[in-house]
Amino acid sequence: MRRASTMTAGLLAGLVLVVALPAAAQTQATEPATVEAVEPHGRHLEELRERVIRQIENRLDRIDRLQARIKDSETVEPQNAAHLTADLSSSQGGLTALLAKTRAASSIDELRVVFESVVYDHRIYALRTPQTGLVLASDFGVAVADRLGSVADTISEAAERAAEAGYDVSEVEAMIAEAEAITDDALAVVEPVAETVLPLEPADVPDPSRAILEQAHSDMLDGRETYRAAHGTLRDAARLLADIVGRDAA
Amino acid sequence: MTLSRAVAALALVATATACAAVGKPIGDQFDPAADETPREVQSIVTASTAERSGVVLQPVDGEIGQSDSLTTSTTAPGATSTTAPSVPAGESTTTTTTAVETIDLDAVFDALDALEGMFGELEAEVESIDLEEGENP
């Protein structure tokens, strides 16, 4: 819907070049021939220039937001943050240079070359945005596993004390072990996501980038569900322990 | 008079004989500082004293989380404890107990609730990823 409205607005504005290029990129086509087919004969240079400038500024804004997300993340691995930040900063510099070129362009052909670079050399939306999101999610998922392990340890210690006091907590211990195994399974899926998507570069779009990003996203969804299962098992273990020692379970 | 002297003399001879047998000079045999009671005997005496005092140890049922799993109650010697059986008279017992330290199950459930919050964040993180955005958002 959003895509359609953007395209319609672009077409109504008559800025065939600027609309056609993102549309081509959106379908992950990489053939510059598409650009040649939509040569905007007779269109006003300044209108096109403004459109290209807006496209660049939007991407710079996106980069700023992505950088802020990385900076605000409390769980991102430092080396992953450095990798993402370096890529985004590189694009930031490149797009800023393209902004200057756009302002200095004296022909539609020059604008076309600039815009191809904006889209194909940086891939802010098709690559850098999901790449950043997946790395942050992956590292956050590792932190979730750590927290689950910590809670499992706490319940385990409580169970040990109960056992020392003469209570039979073997079932609780079995549930804790099960939760730890489930957590390990989830971690094995979630943790590699960051290192899988980090090496992707604009030249990898659409292939193999698309398939890798889709698989990574699917892994994160699976990991999230598996973490939930581990969490549920831990909660059951805590409730059972509370029952055994005669406490009201929360 | 003669009889008293005779008895006193016999007592002196008996004492001297006893002291000679243990190698101590006369007058040292009642040294109050001397403590030759073996430790094993001391512990038995101590246990026996505890038995006689009616002090018994009992587990605190279900009170995990208290600072100690044991409480001490005292009953008069010979009286029947209503909370736990006392050690039968004449028997010694060795009670090995482990103090149950504080277990805060409320903290466990709080941590589990906090994890719910983390799942919410993870969910938001994963669902914010839009692979369909392409290059024309």
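Bear in mind that the values here come from a model prediction, so they are computed numbers and not experimental data. Each chain gets a letter, A, B and so on, in the order the sequences are listed, and its residues count up from 1. Both backbone and side-chain heavy atoms feed into the values below; hydrogens, waters and symmetry mates do not.
Ranked by heavy-atom pairs shorter than 4.5 Å toward chain B, the options A/Thr75, A/Leu148, A/Leu221 are led by A/Leu148. Of all the listed residues (A/His231, A/Met220, A/Arg147), the one sharing the greatest number of non-hydrogen pairs under 4.5 Å with chain B is A/His231.
Side-chain atoms of A/Arg62 and A/Thr129 form a donor-acceptor pair, as typed in the model, at a separation below 3.5 Å.
Remark: side-chain polar atoms of A/Gln131 are paired, donor with acceptor, to backbone N or O of A/Leu200 under 3.5 angstrom.
Proximity to chain B (any heavy atom under 4.5 Å) is shown, for A/Arg228, by both the backbone and the side chain. A/Val151 touches chain B through its side chain: at least one heavy atom from C-beta onward sits under 4.5 Å away, while N, CA, C and O do not.
Within a 6.0 Å radius of CD in A/Glu214, other residues, nucleotides and ligands contribute more than 12 heavy atoms.
When each of A/Asn58, A/Leu95, A/Ile124 is tested with A/Val118 by the rule side chain to side chain contact (heavy atoms under 4.5 Å, CB included), just one qualifies, namely A/Leu95.
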